Amino acid sequence: MRKKLIAGNWKMNNTPAEAKALINSALPLLKGAACDVAMCVPAVDLAIASELLSGSGVMLGAQNMHWASAGAYTGELSAAMLLAVGASCVILGHSERRQYFAETDETVGKKTRAALAAGLLPVVCVGELKEERLGGQTDKVVTRQTRVALDGLTSEQTISLVVAYEPVWAIGTGLVATDEQANETIGVIRSVIKDMFGESTANAVRILYGGSMNAANAAGLLAQPEIDGGLIGGASLKANDFAAIVKAAS
Ligand code: 13P
């Protein structure tokens, strides 16, 4: 049995003061969660979030990192920096980073290998554009993204990461993939992992769904056999909504 994971992706929202208020209202509601929970916050919120989440069982995550360990990379953060401030996971290859910041399958792969080597849990995002789904290219796109991101990893490393399937057309649009669409494409991703690393690895890897997941549709998505949790954008910014999704997964 794969333990479900509900991870909030705050994106570019919340100052440290706002982060404090949100975490303080969410934590009491998350007590007793029977699934894993993570909050992936902006870099400037990591320190305060680390302090507030300490001892709560909620994992702290970042939203990006560089693959190099240090150097002349203005504006970037290393895995060691994230770990030092208390993060234990990091979102990599989010479609917004691919779309607006020129992330490629190859850079996502480099980041994934660097995060694992440093001991961070990578949440590797894959997902097709609307045109790609309409053109029947979904399986091909997620297969390529998954293959390149996981290239060169061992089975042990693969088991210790999380993949998030986020169809780009469903992100922030209110257009959620149907339970069946999400389940089917996650099944395709799992079969790619099986092809690369074997059946037991594929059966152990957690694959999340992300894209307009909310308190109302979470239970249906999470009941699907292939869906091991959610990567939550908008609904993670409201303590009650996030807690309701965690409850649906518990
Ligand atoms: P929304 O839940 O706001 O659609 O965002 C999903 C997402 O991109 C999470 O990483």
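Remember, it's 1-based here, ligands and their atoms both numbered in the order they're listed. Nothing here was measured: the structure is a model prediction, and the numbers come from that model.
Pairs engaging residues 61-89 under the side-chain hydrogen bond (donor to acceptor under 3.5 Å, both in side chains) rule: N64-K111 [sequence neighbours left out]. Among residues at least two apart or in separate chains, there is no salt bridge (charged side-chain N to carboxylate O under 4.0 Å, His left out) pair with a member in residues 48-65.
In this structure, CD in E18 is found 12.0 Å from CD1 in I23, a value given to the nearest 0.5 Å.
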Worksheet item: Where do E128 and W169 land on the side-chain hydrogen bond (donor to acceptor under 3.5 Å, both in side chains) test, with the steps shown first?
Response: CA-CA 8 Å; E128 81 286 3; W169 49 271; 2.8 Å; yes
Item to complete: Evaluate salt bridge (Lys or Arg N to Asp or Glu O under 4.0 Å) for R144 paired with D105, printing each intermediate quantity in order.
Response: CA-CA 8 Å; R144 188 200 70 229; D105 295 338; 2.7 Å; yes
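When hydrophobic side chains of Ile, Leu, Val, Met, Phe, Trp and Tyr are connected at separations under 4.5 Å, I171 ends up as a singleton with no cluster partners.
For ligand 1, residues of the protein lying within 4.0 angstrom by heavy-atom distance are N9, K11, H94, E166, A170, I171, G172, G211, S212, L231, G233, G234.
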